[in-house]
2 protein chains.
Amino acid sequence: MDDIDRKIAALLSDDARASLAQIGAVVGLSTSAVNDRLRRLIERGVIRRMSADIAPEAVGLPVTGFVWVALAPVADEGAFRAAMAQLPRVTACHHVTGPWSYLVQIRAASLDAVEDFLSELKSGGWIARSETMLALSTVVEPPFRYRG
Amino acid sequence: MDDIDRKIAALLSDDARASLAQIGAVVGLSTSAVNDRLRRLIERGVIRRMSADIAPEAVGLPVTGFVWVALAPVADEGAFRAAMAQLPRVTACHHVTGPWSYLVQIRAASLDAVEDFLSELKSGGWIARSETMLALSTVVEPPFRYRG
DNA sequence: ACTGAAATGCCACCTAC
DNA sequence: GTAGGTGGCATTTCAGT
């Protein structure tokens, strides 16, 4: 993992369809050398996937919500995590420091859909308490992976 | 934007390097038809970019931080937003409802780097108050775009 | 670990329908 | 939207440094 590997990672982060020749021209390596490095970057898990970044509004998901979750004392934390990982509307879920256990970020079609999500959480019996915030506008946003 | 377009978006979200023929086989369309649709999806901004998803730890950025920001009353909000958009360590920045103005999400090399980021924010004169939380572990994470 | 060249195969594009 | 032909790359491989 040297500077050239990092440069390749940054280039492909910007354009996953860049050819080996194009990358080579930028980093000053032959296509073969770039091919070798790319193979290793994928094998070692440095590059997880090549993904199209979809505009969420364009697929009917204009609402971004942040849900603070305090888990119920009896909750099966593993099951909670598995459930979050499976839901396509959950774009992020972190165990965090501070007064709350988890921060869950979602994309939703509407405020009604946000409410439905909260109902699902509650009916699952996982949460003791929650607090929801909505994004009014977005300055920087990570790529959005549309999982259907 | 019909079901087939959404299917194409989801497929490319999973694998940006899928060929027109592969996509066509799944959605039941000829390569030409897929090509037309793909062109339109990109033109209309539904597909923003094709991007490699990089493992942040692999490029030396293992720490995820959430910084809640209350802007100073005199702060130039436009300048703040421009600054956030420019910083490569800022992975997300949203204007949010609730007691705080902004939620800024960062990736950092270490806790020291998080502290440096907060110092920068304060020295910029933008913020009145802030609160920082750290991710202890991550269940779901959006793709990470490595901007060098 | 990288170069350079050669070959194979595939892919996107175009035309015609 | 389909089907088919074509030209051009991109990836891959290999021998050599």
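In what follows, every chain begins at residue 1, and chains take the letters A, B, ... in the order their sequences are listed.
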(request) Do nucleotides 6-17 of chain D as a string where each nucleotide becomes B, S or -: B if the base has a protein heavy atom under 4.0 Å, S if just the sugar-phosphate does, - if no protein is that close. (result) ----SSSB----
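Looking at which nucleotide of DNA chain C each of Arg39(B) and Ser30(A) is closest to, the 5′-most match is held by Ser30(A).
A single hydrophobic cluster is seen to contain both Val34(A) and Met1(A), as judged by linkage of ILVMFWY side chains at heavy-atom distances under 4.5 Å, directly or through other members.
Annotation: ring-ring contact (aromatic ring centres under 6.0 Å, His included) contacts involving residues 46-67 of chain B, sequence neighbours excluded, comprise His94(A)-Phe66(B).
Reading DNA chain C from its 5' end, the first and the last nucleotide to sit under 4.0 Å from a heavy atom of chain B are dC11(C) to dC14(C).
Side-chain contact, Tyr102(B) with Arg81(B): a donor N or O sits under 3.5 Å from an acceptor N or O.
Counting non-hydrogen atoms under 4.0 angstrom, Arg40(A) reaches the backbone sugars and phosphates but no base. Residue contacts shown for Arg37(B) are limited to sugar-phosphate atoms, with no base heavy atom under 4.0 Å away.
Summarising the geometry, atom CD belonging to Gln105(B) is positioned 3.5 Å from atom OG1 belonging to Thr91(B); distances are rounded to the nearest 0.5 Å.
Shown here is Gln86(B), whose CD atom has no more than 12 heavy atoms of other residues, nucleotides or ligands within 6.0 Å.
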(request) Evaluate the criterion side-chain hydrogen bond (donor to acceptor under 3.5 Å, both in side chains) for residue pair Arg147(A) and Ser13(B); output intermediate values, then yes/no. (result) CA-CA 7 Å; Arg147(A) 299 194 269 155; Ser13(B) 228; over 6 Å; no
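Arg89(B) has no carboxylate O lying under 4.0 Å from a charged side-chain N of Glu120(B), or vice versa, which leaves the two without a salt bridge.
The two residues Pro142(A) and Pro142(B) have their closest heavy-atom pair at CG-CG, 3.8 Å.
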